[in-house]
Asks: 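First, the structure itself, so that you have it in front of you.
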There are 2 protein chains.
Amino acid sequence: MQEKHEKPSVTVDIVIFTIKENNLQVLLVKRGIEPFKNQWAIPGGFVKIDESLEEAAKRELQEETGVKDVYLEQLYTFGSPKRDPRGRVITVSYIALVNSSDINLKASTDVSDAQWFAVSDIPIIAFDHKEILQYALKRLKWKFEYTTVAFSLLPKEFTISQIQKLYEIVFNKEFDKRNFAKKILSLNILKEEGINHEVSHRPPMLYSLKNNIGEIIEIL
Amino acid sequence: MQEKHEKPSVTVDIVIFTIKENNLQVLLVKRGIEPFKNQWAIPGGFVKIDESLEEAAKRELQEETGVKDVYLEQLYTFGSPKRDPRGRVITVSYIALVNSSDINLKASTDVSDAQWFAVSDIPIIAFDHKEILQYALKRLKWKFEYTTVAFSLLPKEFTISQIQKLYEIVFNKEFDKRNFAKKILSLNILKEEGINHEVSHRPPMLYSLKNNIGEIIEIL
DNA sequence: ACAAAAGTGTTGTTCCTACACCCATGA
DNA sequence: TCATGGGTGTAGGAACAACACTTTTGT
């Protein structure tokens, strides 16, 4: 059965989001080889024959950013026969959310440069990566609305207004402070962690996310 | 680049749902070849080198059921290196919703039998297909709750109580008739199509789904 | 007349939205 | 004392859940 079919190549591509400078940003790499040499692209690479898709995604993520143990989720599999001019390449795309303070950009073998771009300001990108990115953004917003993924972008202890800023950035829209706090606190997913006295104004309450929170809960 | 990497095989598997005998049912095929010969499995097959994933899924769907133009959606890509004992096989799974009156089961080359099973009564199945099926069910419920996919299981013209029965089957739970009708009608997605006089009781209003309905709308 | 399914309204509760002021601290 | 962000309550409206009887038709 192995020999009967001509096989496609399989890659993983990872849309890596972070929050930087009050913006939602995505990591793109400048391609060092053809095709699309010197164009920006979503980072990714071939799946090895003995690693799972998620392992491949984690490996690529670490090669690009140096981070481990971040939020990583499979997005969609793109497999149009013409999406790669070199031949049949099916790509399994992933979303990752990384804390911008943890990252450590490295140039890997087929990448001459890597850079963050605000999602509102994406350059022309290689292959069908624009479509992948649009899909990723849609999914990200959905995840923010209905799950607790957002908290993976915050330090272990955080204030209500840090959460609110995150949501305001992702949805590009302001929320009422009182209603937002009421909503988040009513979900019963936060634990009080004491007061942060290291600020030069009224000291805020710090919270952490309770463990054992289920997946889907409807945040907004 | 084609020769540097040993390539996995890529298949599509399609979880085909229908409503039959007041039950949500799934089509399984009995495998005619090893591995798992004579076990039930989700229908699927290899992706040809020059067809897209969706084309492959449509082709398999038609081979199994004879139907075209049904609801079809990519579900998830399963790629654990050990999921197929023959070697590395990555499978892109799909969900299809078919109207049981349209179907016409055929036995294809590597299938000696195909049969509908109620989702509450699934036998032991091959590979990691149990996991795929669980995932499909979760997604199906979500889609029913938030989108208009359910209508693809009904004829063009239908009554409110047909919709309600569909939802009651999928969620395995009864809804209040008045509240259900109120909710569905308030969504403004139905068009009145006149009264069905071919019943032996008070004749019901027939509706059709308006075209140009957006994807996600929150039904329940 | 009866059986079968269609159709329809109200009330109490909960959730959502809009909106403005005082508080605690460091400089 | 001032600047900075933190923290808090209420009222009106919308959506939701619970609940039962009458209507139209065929037999």
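Since this is a predicted model, take the numbers as computed values, not measurements. Residue numbering restarts at 1 for every chain, and letters A, B, ... go by the order of the sequence lines. When reading the values below, keep in mind they use all heavy atoms of this one structure, side chains included, and skip hydrogens, waters and symmetry mates.
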Asks: Mind calculating the distance between CG (A/D176) and P (D/dT8) to the nearest angstrom?
Replies: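 From A/D176 CG to D/dT8 P: 14 Å.
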
Asks: Between A/K177 and D/dT8, is there a contact of a side-chain N or O with OP1 or OP2 at under 4.0 Å?
Replies: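 No, A/K177 has no side-chain N/O under 4.0 Å of OP1/OP2 on D/dT8.
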
Asks: Does B/K20 offer a backbone N or O that forms a donor-acceptor pair with the side chain of B/T18 under 3.5 Å?
Replies: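 Judged by distance alone, no pair lies under 3.5 Å.
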
Asks: Taking for each residue the nucleotide of DNA chain D bearing the nearest heavy atom, is the 5' side occupied by A/K182 or by A/P204?
Replies: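 Going by which nucleotide is closer to the 5' end, it is A/P204.
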
Asks: Measure from CZ on A/F180 to P on D/dG7 and round the result to the nearest Å.
Replies: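 Rounding to the nearest Å, CZ of A/F180 and P of D/dG7 are 13 Å apart.
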
Asks: In whole angstroms, how far is the C1' atom of D/dG6 from the CD1 atom of A/I184?
Replies: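 That distance rounds to 16 Å.
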
Asks: Could you state the NE2-C1' distance from A/H201 to C/dC22, rounded to the nearest angstrom?
Replies: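 Going from A/H201 (NE2) to C/dC22 (C1'), I get 16 Å.
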
Asks: Is the shortest heavy-atom distance from the side chain of A/L137 to the side chain of A/V119 under 4.5 Å?
Replies: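 SC-SC contact between A/L137 and A/V119 confirmed.
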
Asks: Could you give the CZ-to-P distance, from A/R202 to C/dA27, as a whole number of Å?
Replies: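 So the two atoms are 18 Å apart, to the nearest Å.
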
Asks: Between C/dA5 atom P and B/R178 atom CZ, what is the distance in whole Å?
Replies: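 Interatomic distance, CZ of B/R178 to P of C/dA5: 18 Å.
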
Asks: More 5' along DNA chain C: A/S200 or A/N179, using each one's nearest nucleotide?
Replies: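 Between the two, 5'-proximity favours A/N179.
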
Asks: If every non-hydrogen atom of A/D13 is compared with every non-hydrogen atom of A/H129, which pair is closest and at what distance?
Replies: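 Nearest heavy atoms, A/D13 then A/H129: OD2-NE2, 3.4 Å.
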
Asks: Expressed in angstrom and rounded to an integer, what is the separation of B/L185 atom CG from D/dC16 atom P?
Replies: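 Between P of D/dC16 and CG of B/L185: 14 Å.
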
Asks: Hey, could you give me the CD/CD1 distance between B/E60 and B/I16, rounded to the nearest 0.5 Å?
Replies: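 If I round to the nearest 0.5 Å, the distance is 9.0 Å.
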
Asks: Nearest-Å distance, CZ (A/F175) to C1' (C/dC16)?
Replies: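 In whole Å, C/dC16 C1' and A/F175 CZ are 14 Å from each other.
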
Asks: Between A/S161 and D/dG6, is there a side-chain N or O to OP1/OP2 distance below 4.0 Å?
Replies: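 Result: yes.
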
